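First the structure, in the form of structure tokens, and then the observations on it.
Numbered from 1 within each chain, the chains take letters A, B, ... in sequence-line order. The structure displayed is predicted, hence computed values, not measured ones.
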Amino acid sequence: MTNLTYIEDLSAKAGQEVTLQGWLYNKRSSGKVRFLILRDGTGLVQSVMVKGKIPEADFAAFDRLTQESSLWVTGLVRAEPRAPGGYELDLTSVHPWHLAQDYPIAPKEHGVDFLLNHRHLWLRSPRQQAILRVRDEIIRACRDFFGERRFILVDTPIFTPTACEGTTTLFETDYFGDRKAYLTQSGQLYLEAAAMALGKVYCFGPTFRAEKSKTRRHLTEFWMLETEIAFAELEDIMALAEALICAIIQRVLATRVKELTALERPLGPLEAIQPPFPRLSYTAALERLAAGGHQVPWGEDLGAPEESFLSESFDRPVLIHRYPKNCKAFYMKPDPGDPRTVLCVDVLAPEGVGEIVGGSQREDDLEALLERLEEHHLPREPLEWYLDLRRYGSVPHSGFGLGLERLVAWICGLHHVREAIPFPRLMDRLAP
RNA sequence: UCCCCGGUAGCUCAGUCGGUAGAGCAGGUGGCUGUUAACCACUUUGUCGGCGGUUCGAGUCCGUCCCGGGGAGCCA
């Protein structure tokens, strides 16, 4: 009976009578010709009703329909060059399901605070739908990338007994009244254990940071893709990160141009993302910074202005490797060629986005790792299980983590990571 | 935690030198046989973020607190 269809499939149904289910995006009237613009999550389509060619009750339903009312309609699919999607619907019946109350988000301009307070409704807007579709595609591209390379997905815990690295602020929670638990800031240490079991592994899950950061690059809850590979050295994971980023960009360009266009994201800069990516040692980066007027003493970490300068210097991501030891985490392995530095890499995205990947070769020697723990004033006892990995068949191994929202923000050309996640958690925003 | 900017109608904002509150949009009513954030006419809507102070008089000046935005620090 009913030819139930999604809007994105209308082009295959030209000339047929179909049924659409969705919501009213907008309506316009010119008296006896009335237009309903419908959305169903797959697209927008304009439908037309003419007085006398549709039952009078259906024609009159137009007056009651408010923005975002839910409804189902039937009509004839007709090619229409003037329509944005190329097709229009000549309505034969209109059935409201629910008449929406005054919808707060008009198809007009709104401020950020207002929109974030209505995030549950803001998601319905075409722009937010486009972002979420790109995010979905990026996630699938990541899973495919690792799956095709025979990596095994290993889920790491979200409750942890201690900090993975003692330095950062963790969200603390009560654990059955007598203990504290912390929300994870990284799955890495657990992933190292998994790599010793399965060889090549990755995890993908939420990460929590209680830092009081108020910038367009920070969320308190974000999603991180992490990988860990037994027998891999720094150069191996640098090549892997490069291949991963290229694969993701290629996938999005192959499947989500419509969404990128809706976001007014220029495609040129994305099409330029091809291997090889430039590689700069920290020391070489300092020289480049000095030449650009940024004086940084050797041994100091790079700040946000320096990262922006470097990322804007190239038309593709740049890999900065071998930072000074004191800037980085305890588990990173010193460079045998220069023990003042560690075998680590940060990937900075172009267009001023900044760091999207951080990784390193891990210290695999038990004694050296114990020394690093002492240098960082970290307690040994809670990490004994991690030290076991260096007692039972230790091997060289390396891995990296990729911040999903920063990647989504870069690819979509967003100004702020808060639009790159469905329900952003920020320092001063926990709802909706 | 620090620095900068902001808070006026449901939304986006204007409000001059301190003189008693405005526009557009949304909502409502009517009109229009091809509209594209449709248009035209008419029309409802205010704890000017809170508290205190100066003043004959405060949206406007001062103090303080709250909330939001941008940035820094921090941050695989």
Start with the C-alpha distance between A/L289 and A/L302, add both sets of side-chain angles, then the distance that settles side chain to side chain contact (heavy atoms under 4.5 Å, CB included), and finish with yes or no. CA-CA 10 Å; A/L289 284 165; A/L302 303 181; 3.8 Å; yes
Those residues that, when tested against A/Q21, pass side chain to side chain donor-acceptor pair (under 3.5 Å) (two or more places apart): none
Would you measure the distance from the C1' atom in B/G18 across to the matching atom in B/U54 and give it in whole Å? 12 Å
Ionic contact status for A/R316 with A/E242, cut-off 4.0 Å: no
NA contact type, A/N26, heavy-atom cut-off 4.0 Å: base, sugar-phosphate, or nothing? sugar-phosphate
Protein-nucleotide distance (A/L24, atom CG; B/A37, atom P), rounded to Å: 15 Å
Salt bridge (charged side-chain N to carboxylate O under 4.0 Å, His left out) partners of A/R119, counting only residues at least two apart: none
May I ask you to check if A/R149 and A/F145 form a cation-pi contact, with NZ or CZ under 6.0 angstrom from the six-membered ring centre and within 45° of the axis? yes
Pick the C1' atom in B/U45 and in B/A26, then give their distance to the nearest Å. 11 Å
Can you name the atoms? Protein N/O to nucleotides 40-47 of chain B N/O, anything below 3.5 Å, with the distance.
none

Please list each protein N or O that sits under 3.5 Å from an N or O in nucleotides 7-11 of chain B, with the distance.
from  : atom 1 : to     : atom 2 : distance (Å)
B/C11 : O2'    : A/E109 : O      : 3.4
B/C11 : O2'    : A/H110 : ND1    : 2.6

Testing the 3.5 Å rule here: is there a donor-acceptor pair between the side chains of A/T184 and A/T160? no
How far, in whole Å, is B/U12 from B/G6 if one measures between their C1' atoms? 14 Å
Under 6.0 Å from the ring centre and within 45 degrees of the ring axis: does the NZ or CZ of A/R34 meet both conditions for the six-membered ring of A/F59? yes
Would you say that more than 12 heavy atoms from the other residues, nucleotides or ligands in this model lie under 6.0 Å from the OH of A/Y6, or not? no
A/E405 bridged to A/R135 by N-O distance under 4.0 Å: yes
Taking OH from A/Y103 and C1' from B/A37, how many angstroms apart are they, rounded to a whole number? 15 Å
Nearest whole Å is fine: how far is B/A76 P from A/L219 CG? 15 Å
Tell me which one of A/L20, A/L36, A/V48 satisfies side chain to side chain contact (heavy atoms under 4.5 Å, CB included) with A/L91. A/L36
With no hydrogens and no angle check, do the side chains of A/E192 and A/Y331 hold a donor and an acceptor under 3.5 Å apart? no
Inter-nucleotide P distance (B/G71, B/U55), Å rounded: 43 Å
What is the distance, rounded to the nearest whole Å, between atom CE of A/M49 and atom C1' of B/U35? 14 Å
Look for any protein N or O under 3.5 Å of an N or O in nucleotides 32-34 of chain B and output each such pair with its distance, or none.
from  : atom 1 : to    : atom 2 : distance (Å)
B/C32 : N3     : A/G31 : N      : 3.4
B/C32 : N4     : A/S29 : OG     : 3.2
B/G34 : O2'    : A/R82 : NH1    : 3.3
B/G34 : N1     : A/E88 : OE1    : 3.0
B/G34 : N2     : A/Q46 : NE2    : 3.4
B/G34 : N2     : A/E88 : OE1    : 3.1
B/G34 : N2     : A/E88 : OE2    : 2.4

Who are the side chain to side chain contact (heavy atoms under 4.5 Å, CB included) partners of A/E355, not counting sequence neighbours? A/E307, A/D346, A/L348, A/R406
When rounded to the nearest Å, what value does the distance between C1' atoms of B/G59 and B/G49 take? 12 Å
For A/G359, which contact category applies under a 4.0 Å heavy-atom criterion: base, sugar-phosphate, or nothing? nothing
Round to a whole Å and report the spacing from CG of A/D346 to P of B/C75. 12 Å
Measure CZ/A/F330 against P/B/A76 and give the value in whole Å, please. 12 Å
Find every protein N or O atom lying less than 3.5 Å from an N or O atom of nucleotides 64-73 of chain B, and list the pairs.
from  : atom 1 : to     : atom 2 : distance (Å)
B/G68 : OP1    : A/D428 : O      : 2.8
B/G69 : O3'    : A/R418 : NH1    : 3.4
B/G70 : OP1    : A/R418 : NH1    : 2.6
B/G70 : OP1    : A/R418 : NH2    : 3.0
B/G70 : OP2    : A/R418 : NH1    : 3.4
B/G71 : OP1    : A/R216 : NE     : 3.0
B/G71 : OP2    : A/R216 : N      : 3.0
B/G71 : N7     : A/K214 : O      : 3.0
B/A72 : OP2    : A/R217 : NH2    : 3.4
B/G73 : O6     : A/K212 : O      : 3.4
B/G73 : O6     : A/S213 : OG     : 3.1
B/G73 : N1     : A/K212 : O      : 2.8

Contacts of type side chain to side chain donor-acceptor pair (under 3.5 Å), residue A/R78, not counting sequence neighbours: A/E80, A/E88, A/D90
All side chain to side chain donor-acceptor pair (under 3.5 Å) counterparts of A/E287, not counting sequence neighbours: none
For the C1' atoms, the ones on B/G46 and on B/A14, what distance do you get once it is rounded to whole angstrom? 15 Å
Provide, to the nearest angstrom, the distance between the CD atom belonging to A/Q185 and the P atom belonging to B/C74. 16 Å
Can you tell me how far P in B/A23 sits from the matching atom in B/U44, rounded to whole Å? 10 Å
Between the base of B/A76 and the side chain of A/Y323, is there a donor and acceptor pair under 3.5 angstrom? no
Rounded to whole Å, please give me the gap between CG in A/D63 and P in B/U29. 9 Å
Please enumerate all residues that pass salt bridge (charged side-chain N to carboxylate O under 4.0 Å, His left out) together with A/K258, with sequence neighbours excluded. none
Any salt bridge linking A/K27 with A/D63? Criterion: basic side-chain nitrogen under 4.0 Å from a carboxylate oxygen. no
Output the pairing pattern of RNA chain B as a dot-bracket string, 5' first, Watson-Crick or G-U wobble with both distances under 3.5 Å, | for cross-strand pairs, [ ] for crossing pairs. (((((((..((((.....[..)))).(((((.......))))).....(((((..]....))))))))))))....
Distance, nearest 0.5 Å, that separates CG of A/L89 from CE of A/M49: 10.5 Å
Sorted by chain and number, sequence neighbours left out, side chain to side chain donor-acceptor pair (under 3.5 Å) with A/H218 holds for A/T215
Expressed in whole Å, how much space separates the C1' atoms belonging to B/G52 and B/A58? 13 Å
